[in-house]
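The block underneath contains the structure these notes are about, expressed in structure tokens.
The model shown is predicted, which means the values in this text are computed figures rather than measured ones. Here, residue 1 is the first one in the sequence, and each next residue gets the next number.
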Amino acid sequence: MDQLLYGTLDPHEAARLARVHLGRYDDGELYLQYAVSEALGFDDGRLKTASFDTLRGFGLRAVSGETTGFAHSTEVSAAAIARAAETLALVRPGGSPAPAPRGTNARLYTDANPLACLSFDRKVALLQAIDAHARAADPRVVQVSASLAASWSLVDIVRADGVRVRDIRPLVRLNVGIVAEASGRRESGSWGLGGRALPDSFLDETVWQDAVARALAQALTNLEADAAPAGEMPVVLAPGWPGILLHEAVGHGLEGDFNRKGSSIFAGRIGERVAAPGVTVIDDGTLAGRRGSLTVDDEGTPTARTVLIEDGILRGYMQDRLNARLMGVAETGNGRRESYAHAPMPRMTNTFMAGGSEDPQAIIARVERGIYARSFGGGQVDIVSGKFVFSCTEAWRIEKGRLAAPIKGATLIGNGPEAMQRIRAIGNDMALDPGIGTCGKGGQSVPAGVGQPTLLVEGLTVGGTA
């Protein structure tokens, strides 16, 4: 594996270069990465796309106070590292070097390469089976798409103090999309699943057939949907994937860099009530096999279970090493980067709200008139103000405590911290998403997990046309 990462460069020489070029700074690392990825797309009854990519390179980062110097290259050699170090010379030497990350013996996922565990023919056969099953499931199905993606990433984090941390990261994802048509109207539905595992689990018929059933159910529901109502009303959020609203509207505001700089609405509020009683929000990168999990983050710090909000009280933020040091707190294992070509920053792993004690059906029964949102599409949030807008891809009216007609075109509009204060019921059915989340921040994308129980939020603004 050393050869995949280092090529002809001796790993001992890489450690020496890290010591020479980074030893005078507060912190930093030589980050080396080798990764392979594959994606297959099946559409219109045939294989439409097949891609295979290889990535290799290094990033060299020096940190002094609040200043970061960073350079990267696809050429892994002593000469290339020396050239990268010329950029770091613009950063003033630091004071005392930060201590190395603590060690760990945890292993949260397999080292095996998910690209190699199934032959190309078996992958194509799986997508063919999904296509055929979906088309036979209902005569209204007019289009089916299925995709299978996998990646395997090998990283070494080499520090000036001699510490070297290695992690091997698999990632897989299966997606199904269905378009159904009736009476000249077409609607779509989709479902996906994945995680840090091998794709052989997707060969189980119960697994991929469930994905088809969920995508089809969403498409058929939307075929019957009426225009969404408009106005302020109670909203019941389903468990699992709707936690993306929590991720965007609240989670980013709890990342350390925004709070150190005072740009988050949660800045300086540790110990204050920021959510309704009973609301506990956790970021946990230690969940085995989950999409957002990491044995160590991209600075070599083991991930952790970090309680951000406890019973409505703000307890802490997600931290990388730089922001934790400047804020005088412990790092939480949330320093993440998209690849060797990016510098790390505080990012979420698997962020979710803990479950409560109420029966989900009883929560719906409490609502005289409102909506029930099961799935979300795109959304936007302003970190400074906390304002958000999210579109629902599957939702129903609630009338007199029961689910009524499905609706289409609903958007949820509100303010994240205010919405957290308006939570009136928390279900006992906390669930994580099926493993499809990708989080964007600062031009970087990383895999992430979300989750929540059934929630009743009082008084969200619903944008609709009815």
Side-chain angles (χ1 to χ4, degrees), residues 1-37 53-101 151 153-169 257 294 296-301 320-326 331 334-347 441-446:
M1 288 190 182
D2 279 351
Q3 187 173 7
L4 293 176
L5 280 169
Y6 295 90
T8 59
L9 177 65
D10 187 317
H12 297 291
E13 175 64 5
R16 187 191 71 80
L17 292 169
R19 183 172 64 253
V20 169
H21 295 306
L22 300 176
R24 60 190 185 134
Y25 298 106
D26 292 339
D27 209 352
E29 69 284 311
L30 172 63
Y31 183 96
L32 301 108
Q33 181 182 22
Y34 172 83
V36 289
S37 61
D53 294 291
T54 301
L55 171 152
R56 189 175 78 171
F58 74 86
L60 187 67
R61 183 181 67 134
V63 180
S64 182
E66 297 184 31
T67 305
T68 296
F70 179 74
H72 63 88
S73 175
T74 57
E75 177 191 335
V76 180
S77 68
I81 293 173
R83 289 194 297 270
E86 294 175 5
T87 299
L88 307 191
L90 301 174
V91 179
R92 287 187 176 184
S96 57
S151 66
S153 180
L154 171 65
V155 302
D156 260 12
I157 302 164
V158 184
R159 294 176 46 83
D161 51 24
V163 171
R164 175 182 170 189
V165 180
R166 173 167 291 181
D167 198 19
I168 303 172
R169 302 167 177 174
D257 50 353
L294 292 169
V296 293
D297 71 5
D298 291 313
E299 298 178 302
T301 305
D320 63 350
R321 288 174 59 84
L322 183 152
N323 287 280
R325 176 171 51 82
L326 294 175
E331 62 265 27
N334 289 92
R336 304 189 64 188
R337 64 179 96 200
E338 180 177 326
S339 75
Y340 72 87
H342 304 82
M345 64 178 81
R347 304 292 299 271
K441 176 182 174 182
Q444 297 188 41
S445 295
V446 297

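- Between the Gln444 side chain and the Ala343 main chain, a donor and an acceptor come within less than 3.5 Å of each other.
- For the pair Thr74/Tyr340, a side-chain contact is recorded, criterion being any heavy-atom separation below 4.5 Å from C-beta on.
- Between Glu13 and Arg16, at least one side-chain N (NZ, or NE/NH1/NH2) sits under 4.0 Å from a carboxylate O, which counts as a salt bridge.
- With rounding to the nearest 0.5 angstrom, the OH atom of Tyr31 is 10.0 Å from the CG atom of Leu5.
- In this structure, the side chain of Ser64 does not engage the main chain of Thr67 through any donor-acceptor pair within 3.5 Å.
- Across all non-hydrogen atoms, the minimal contact from Arg61 to Leu22 is O-CD2, 3.3 Å.
- In summary, Arg321 and Asp26 do not engage in a salt bridge, as defined by a charged side-chain N under 4.0 Å from a carboxylate O.
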>> I'd like to know whether Leu88 forms a side-chain contact (heavy atoms from CB on, under 4.5 Å) with Leu60, so could you lay out the CA-CA distance, the side-chain angles of the two residues, the decisive distance to 0.1 Å, and finally the verdict.
In response: CA-CA 8 Å; Leu88 307 191; Leu60 187 67; 3.5 Å; yes
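- When every heavy atom of Val158 is checked against every heavy atom of Ala14, the shortest pair comes out as CG1-O, 4.4 Å.
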>> Between Met1 and Ile168, is the side-chain contact (heavy atoms from CB on, under 4.5 Å) condition met? List the steps.
In response: CA-CA 10 Å; Met1 288 190 182; Ile168 303 172; 3.5 Å; yes
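- Of the inter-residue distances, the one linking Ile157 atom CD1 with Asp167 atom CG reads 7.5 Å to the nearest 0.5 angstrom.
- Rounding to the nearest 0.5 Å gives a distance of 7.5 Å between NE2 of His21 and CD1 of Ile81.
- Within the 3.5 Å criterion, the main-chain N or O of Gly69 finds no donor-acceptor partner in the side chain of Tyr25.
- Side-chain atoms of Glu299 and Thr301 form no donor-acceptor pair, as typed in the model, at a separation below 3.5 Å.
- The two residues Arg56 and Tyr6 come nearest to each other via the heavy atoms NH1-C, 4.4 Å.
- Atom CD of residue Gln3 and atom CG of residue Leu9 lie 12.0 Å apart, to the nearest 0.5 angstrom.
- For the pair Ala100 and Val163, the tightest heavy-atom approach, listed with the atom from each and the gap, is CB-CG2, 3.6 Å.
- Checked for salt-bridge contact, Arg347 and Glu338 miss the test: no charged N lies under 4.0 Å from a carboxylate O.
- Rounded to the nearest 0.5 Å, atoms OG1 (Thr68) and CG (Leu322) are 5.0 Å apart.
- For Lys441 and Asp257, the salt-bridge test passes: some basic side-chain N is under 4.0 Å from an acidic carboxylate O.
- Side-chain contact between Val76 and Leu32 is present, with heavy atoms from C-beta onward closer than 4.5 Å.
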>> Using side-chain contact (heavy atoms from CB on, under 4.5 Å), reason through Arg24 and Val91 one step at a time and then give a plain yes or no.
In response: CA-CA 10 Å; Arg24 60 190 185 134; Val91 179; over 6 Å; no
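- Summarising the geometry, atom NE2 belonging to His72 is positioned 12.0 Å from atom CD belonging to Gln33; distances are rounded to the nearest 0.5 Å.
- By the 4.0 Å N-to-carboxylate-O rule, Arg337 lies close enough to Glu29 to be salt-bridged with it.
- Electrostatic pairing of Arg336 and Asp297 does not count as a salt bridge here, judged by no charged N lying under 4.0 Å from a carboxylate O.
- Counting only distance, with no hydrogens or angles, the side chain of Asp320 and the backbone of Gly335 share no donor-acceptor pair below 3.5 Å.
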>> Does Arg166 form a side-chain contact (heavy atoms from CB on, under 4.5 Å) with Asp2? I'd like the steps, not just the answer.
In response: CA-CA 10 Å; Arg166 173 167 291 181; Asp2 279 351; 2.5 Å; yes
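- Closest approach of Ala18 to Ala160, counting heavy atoms only: O-CB, 3.6 Å.
- Nearest heavy-atom pair, Pro97 versus Gly23, reported as atom, atom and distance to 0.1 Å: CG-O, 4.3 Å.
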